[in-house]
Amino acid sequence: MKVGKRAFVGNSAMAAPGRKVPKRSLVAVLSAAPARGTVKAGESWLGSPPAPLRRSAQGSADERTYAPPTRLKVARACWEVARLVPLTLAVCLHLGVVAGTLAVASERGTWAGVLAAPVLLWVAGLVAAVVAVAAKWLLVGRVRAGSHPLWRLLRVAQRAWPTPSSRWSRHRGSRASPPDRR
């Protein structure tokens, strides 16, 4: 297995022994790297088995990818910290149910704690549902009837946190950017 300079292997992509990802090449997310001898530098591959993906030349500065400015690093760090919020809320709900059950059991006895546990779980589930719906409304907004492109998910990220991707997707003529249909 060999990965060349400035090559990109996407999340959960498979690069098995005997495969090669030449310099400036791309293996898409959840895709397999092509076998040696079938790939040239700068090519992109998608799927399993891998199929060539057409990619137009982009006139972008390498500094954004390989030496990003501090503001981009800070934006990425904030986004990664924000990803911890749902996990933290889930852990807090679990701890709240356990603490509530133990508090009732210590005050009123073991059987009262056993009977309180389902009620506390129901309340925790209700809180989780309300928080999920509120987050959906905040990040996505109201879903209207009609046909919506899959790339709409990219818009969620752009609304949640302004990043370089929000500027990147505005280049509608680029093949690398997803279609922006509103």
Does L46 offer a backbone N or O that forms a donor-acceptor pair with the side chain of S31 under 3.5 Å?
no
Considering non-hydrogen atoms only, spot the tightest contact between V27 and A13 and give its length.
CG1-CB, 4.0 Å
Separation of R108 CZ from L115 CG (nearest 0.5 Å)
12.0 Å
So which heavy atom on P22 is nearest to which on A7, and how close?
O-CB, 3.4 Å
Could you tell me which non-hydrogen atom of A32 sits nearest to which non-hydrogen atom of P50, and how far apart they are?
O-CB, 3.2 Å
Closest non-hydrogen contact found for V97 with A124 is CG2-CB, 3.6 Å
Within the side chain of E80, is there an N or O that forms a donor-acceptor pair under 3.5 Å with the backbone of A77?
no
Could you report the tightest heavy-atom contact between A41 and R24, atom names first, then the distance?
CB-NH2, 4.1 Å
Polar side-chain atom of K136 near backbone of G141 as donor-acceptor pair, under 3.5 Å
yes
Report the distance from atom CG of L84 to atom CG of L89, rounding to the nearest 0.5 Å.
11.0 Å
Measure from the side-chain N and O atoms of S25 to the backbone N and O of V21, and report whether any donor-acceptor pair falls under 3.5 Å.
no
Quick check for you: to the nearest 0.5 Å, what is the distance between M14 atom CE and L30 atom CG?
8.0 Å
